[in-house]
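To start, the structure itself, in structure tokens.
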Amino acid sequence: MPELPEVETVARRLRIGDTKGSYSFGTPGLIGWRVSDVNLIWARSLFQPDPAEFARRLVGQTLGNVSRRGKFIVMTFASSTLLAHLRMSGDLRVELDTAPLQPHDRAWLAFDHPGDTMRLRLAFNDPRKFGRLWLVDDPQTVLGGLGPEPLDPPFTAGELYLRLHATTRQLKPLLLDQSFLAGLGNIYTDEALHLARLHPLTPANRVTTEQAGALWAAIRAVLEEGIRRNGASIDWVYRGGDFQNYFRAYQRTGQPCPACGTLIQRIVVGQRGTHFCPTCQPAPG
DNA sequence: CACGTCACCTGCGTGC
DNA sequence: TGCACGCAGGTGACGT
């Protein structure tokens, strides 16, 4: 799924709630709520630690903050950090703890709140079972290998240019590499390369200063638009966003390029479907 | 180092 | 209808 904008949308929902939730009153954010119970339905969803220690360390802790790093959701408790990676099909739901569990729910945490009779559930739903949870003392043990955060100030066009010129790798797989840049996935990589008018197979070290500037601006533009539209909802996995209605290239094989009308082509790069306009994004060399 | 292949999983659309 | 097959928002472990 879930790339940076979708993960940001999920993190925001956990942090500040959602007035358009499943209930008339929406769902509140979970900051300040206390874990009263945990249940692991599919044990392999938990990467670290073992289930018994997971429960022992989490129950009784109060959630201090929810943020995002790359495609990870970062839930900060007083003495540990819960990390979630949604991989291809994961999602996190906040609901009343009386709501029925859903098919493909893999784990849940129950929350209570001082002076409040309401109890909430945070459910981790993941049809394909690729998603993972970690409970750690130091989040850097999991997040330490990630590249720059593309929307943060230290990530400049000049920084991108320098990183591109450190390798001969093709742009598409390079941008998907989370140690090069954190947060891009298949959708936003295709969208950014199209907007920047760069062919997905271009060797990174052959990108000019101007092209690096265009790619930097394009990455930020597509991510910001994705966040503004609450992410993309595609296939049978509906997540509430509508960026899928504004794709320029991704999954538009055979449809006209919005810039020039040429039909979008699909190739396979590193086992991933890759969509581009052969006119706007001419082959390198 | 760069690239290819497979594995991990389930569900959906397509075509025979 | 049934059933194979290809495809899917990700990543990590291998082999060459």
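Note on naming: letters A, B, ... go to the chains in the order of the sequence lines (proteins, then strands), and numbering restarts at 1 for each one.
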Inset, instruction - Check whether the ring centres of A:Phe243 and A:Tyr188 lie less than 6.0 Å apart, and answer yes or no. - result: yes
Inset, instruction - Scan residues 125-139 of chain A against DNA chain B and write down, sorted by residue number, each residue with any heavy atom closer than 4.0 Å; if none is found, say none. - result: A:Pro127, A:Arg128, A:Lys129, A:Phe130
Legend entry - Distance-minimising heavy-atom pair for A:Arg119 and A:Trp33: CA-CZ3, 4.4 Å
Legend entry - Sugar-phosphate, base or nothing in reach of A:Ser233, heavy atoms under 4.0 Å: base
Legend entry - With sequence neighbours excluded, residues passing salt bridge (Lys or Arg N to Asp or Glu O under 4.0 Å) with A:Arg56: A:Glu53
Inset, instruction - Determine whether the aromatic ring centres of A:Phe72 and A:Trp134 lie less than 6.0 Å apart. - result: yes
Legend entry - Short N-O contact, A:Lys172 and A:Asp190, less than 4.0 angstrom: yes
Inset, instruction - Scan side-chain atoms only and decide if A:Ser89 and A:Asp126 contain a donor-acceptor pair under the 3.5 Å cut-off. - result: yes
Legend entry - Nearest-Å distance for atom pair NE2/P, residues A:His275 and C:dG9: 7 Å
Legend entry - Residues forming a salt bridge (Lys or Arg N to Asp or Glu O under 4.0 Å) with A:Arg252, sequence neighbours excluded: none
Inset, instruction - Decide, yes or no, whether a salt bridge links A:Glu159 with A:Arg163 under the criterion of side-chain N to carboxylate O below 4.0 Å. - result: yes
Inset, instruction - Starting at atom NZ of A:Lys172, determine the distance to atom P of C:dG10, rounded to an integer number of angstrom. - result: 9 Å
Inset, instruction - Would you sketch DNA chain C in dot-bracket for me? Only Watson-Crick or G-U wobble pairs with both distances under 3.5 Å count, crossing pairs as [ ], other-strand pairs as |, the rest as dots. - result: .|||||||.|||||||
Legend entry - Check ion pair A:Arg12-A:Glu8 (N to O, under 4.0 angstrom): no
Legend entry - Atom C1', compared across C:dG9 and B:dC3: separation rounded to whole Å: 23 Å
Inset, instruction - Measure the distance from CG on A:Asp190 to P on C:dG9 and round it to the nearest whole Å. - result: 9 Å
Legend entry - Spacing of A:Leu83 atom CG relative to C:dG10 atom P, expressed in whole Å: 19 Å
Legend entry - Nearest atoms (heavy-atom pairs only) where A:His194 meets A:Cys257: NE2-SG, 3.2 Å
Inset, instruction - Return no unless some side-chain N or O of A:Tyr188 is found under 4.0 Å from OP1 or OP2 of C:dG9. - result: no
Inset, instruction - Tell me yes or no: between the side chains of A:Asp177 and A:Ser179, is some donor less than 3.5 Å from an acceptor? - result: yes
Legend entry - Side-chain ion pair, A:Arg69 and A:Glu149, N-O less than 4.0 Å: yes
Legend entry - Nearest-nucleotide comparison on DNA chain B, the residue closer to the 5′ end among A:Thr167 and A:Gln271: A:Thr167
Restricting to nitrogen or oxygen on both sides, can you table the protein-nucleotides 11-15 of chain C pairs closer than 3.5 Å?
unit_1 : atom_1 : unit_2  : atom_2 : d
C:dT11 : OP1    : A:His85 : NE2    : 2.9
C:dT11 : OP2    : A:Lys71 : NZ     : 2.8

Inset, instruction - Please confirm whether any donor atom in the side chain of A:Glu3 sits under 3.5 Å from an acceptor in the base of C:dG9, or the reverse. - result: no
Inset, instruction - Measure from NZ or CZ of A:Arg34 to the centre of the six-membered ring of A:Phe111 and say whether it is under 6.0 Å with the direction within 45° of the ring axis. - result: no
Legend entry - Range on DNA chain B touched by chain A - first to last nucleotide, heavy-atom distance under 4.0 Å: B:dA2 to B:dC12
